[in-house]
Amino acid sequence: MPSPRTQYIHALRFSSLTSLYDPLIALTGRERHVKETLLTIARLQPGHCVLDVGCGTGTLAVMAARKVPAIALHGLDGDAEILRRAALKATEAGVGLRLSHAMSDRMPYEGRLFDRVLSSLFFHHLPMDGKRATLREMLRVLKPGGELVIGDLGKPQNALMRVLSLTTQFLDGFETTRGNVQGVLPRLMREAGFAEVAVACQIPTFYGTVAIYRGIRP
């Protein structure tokens, strides 16, 4: 969901591959482990209002609802087709999920609305200015004391993870992924205004190191 000034990058770079996203990520990316770890770190509580930015097909949101049923769930994505799949997945799971078709740098929400903002495997699709703008929007829509938890391609833990991360960079583009593998997200989070920013966890996957980042809106 980069700004309209940049080219939209689909979940697997090309819209024709969207139908393959769920099975491919589940097969190659330790998806369930990554998302379960993200949700554990997010510490969702009953009554929380939660936003999943770059929600894709809704896997993370459905998992969140099953983990903590009494939450208000919202999902945002710039791809109308992938949102259609998310709506179907939520309906089949019996999960209430309010979906918004919008860009991450101009979210259609009032400020200070959410207790938690989550994002999984989305930031590596954004150019550097898109990452900055999205983080500013995330801060804006969070309540004071609310938390942001991001799971995404991070700085490789070792040489093997660096080699594996090249597959993601080749597929999704070196320009948008370069900052991720350089480990810039914590710095960008602090620059956007987040406090207590930390790399909470690093997970080796077939497409490189996935880091879980956490920050708080002061």
Side-chain angles (χ1 to χ4, degrees), residues 1-6 8-11 35 38-39 41-65 67-91 93 95-152 185 188-197 212-218:
M1 285 175 298
S3 104
R5 294 183 299 276
T6 61
Y8 184 90
I9 299 177
H10 294 270
K35 286 179 166 57
L38 188 156
L39 291 174
I41 291 169
R43 299 178 297 114
L44 304 180
Q45 302 295 321
H48 272 175
C49 190
V50 180
L51 172 64
D52 182 6
V53 176
C55 64
T57 61
T59 301
L60 180 65
V62 169
M63 289 176 65
K67 187 179 183 70
V68 186
I71 57 177
L73 272 173
H74 297 252
L76 180 144
D77 204 285
D79 186 330
E81 169 59 22
I82 216 165
L83 284 175
R84 186 189 66 78
R85 295 174 182 272
L88 180 61
K89 183 181 292 185
T91 298
V95 169
L97 175 59
R98 298 182 62 180
L99 295 168
S100 296
H101 182 207
M103 298 298 188
S104 62
D105 58 359
R106 289 191 304 279
M107 299 184 195
Y109 309 113
E110 63 186 67
R112 303 187 175 198
L113 178 62
F114 297 101
D115 299 282
R116 297 288 186 273
V117 172
L118 313 177
S119 178
S120 174
L121 302 178
F122 167 66
F123 265 83
H124 70 276
H125 291 291
L126 298 173
M128 195 65 70
D129 61 345
K131 297 184 204 298
R132 290 190 173 98
T134 295
L135 286 167
R136 289 194 296 268
E137 276 290 89
M138 288 172 157
L139 186 79
R140 181 185 68 81
V141 301
L142 270 169
K143 297 176 182 178
E147 299 180 16
L148 168 65
V149 184
I150 298 171
D152 215 302
L185 280 181
L188 297 183
M189 290 168 68
R190 294 187 189 97
E191 289 176 357
F194 286 95
E196 300 181 36
V197 174
I212 310 293
Y213 306 100
R214 176 179 173 272
I216 298 175
R217 172 172 179 168

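Both backbone and side-chain heavy atoms feed into the values below; hydrogens, waters and symmetry mates do not. Quantities reported herein were computed from a predicted structural model and do not represent experimental measurements.
Put simply, the side chain of Asp77 gets close to the backbone of Gly56: a donor and an acceptor are under 3.5 Å apart. Although no hydrogens or angles enter the test, the distance criterion places a donor-acceptor pair under 3.5 Å between the side chain of Lys131 and the main chain of Leu126. Side-chain atoms of Asp105 never come within 3.5 Å of backbone atoms of Ala133 as a donor-acceptor pair (strictly under, hydrogens ignored). Of the possible polar contacts, one joining the Arg140 side chain to the Tyr109 backbone as a donor-acceptor pair under 3.5 Å is found.
Rounding to the nearest 0.5 angstrom, the gap separating the NZ atom in Lys35 from the CE atom in Met63 is 7.5 Å. Distance check, rounded to the nearest 0.5 Å: CD1 of Ile150 to CZ of Phe123 gives 4.0 Å. In this structure, Cys49 SG and Leu113 CG are separated by 4.5 Å, a value rounded to the nearest 0.5 Å. Taken from CE in Met189 to CG in Leu139, the straight-line distance is 10.0 Å, to the nearest 0.5 Å. Remark: Glu147 CD to Glu196 CD distance equals 8.5 Å, nearest 0.5 Å. The structure places CD1 of Ile41 at 12.0 Å from OH of Tyr213, a figure rounded to the nearest 0.5 Å.
Met107 is listed as a side-chain neighbour of Leu51, based on a closest heavy-atom distance under 4.5 Å. Residues Arg214 and Arg43 have side chains in contact (heavy-atom distance under 4.5 Å, counting atoms from C-beta outward). Residues Pro46 and Val68 form a side-chain contact, since some pair of their non-hydrogen atoms from C-beta on lies under 4.5 Å apart. Side-chain contact between Leu135 and Met138 is present, with heavy atoms from C-beta onward closer than 4.5 Å. Within the 4.5 Å cutoff, the side chain of Leu118 has heavy atoms near those of the Leu39 side chain. For the pair Thr59/Lys89, a side-chain contact is recorded, criterion being any heavy-atom separation below 4.5 Å from C-beta on.
No option in Ile82, Leu83, Leu88 other than Ile82 meets the side chain to side chain contact (heavy atoms under 4.5 Å, CB included) test with Thr57.
Across all non-hydrogen atoms, the minimal contact from Ala93 to Val62 is CB-CG1, 3.8 Å. Val50 and Phe114 make their closest contact through C-CD2, 3.8 Å (heavy atoms, listed as atom of the first residue, atom of the second, distance). Pairing each heavy atom of Leu73 with each of Gly96, the nearest pair is CB-O, 3.7 Å. The shortest heavy-atom contact between Pro108 and Leu76 is CD-CD1, 3.5 Å. Residue Val53 comes nearest to Ser104 through the heavy atom pair CG1-CB, 3.9 Å, listed as atom of the first residue, atom of the second, then distance. Closest heavy-atom contact between Pro218 and Ala195: CG-CB, 3.9 Å.
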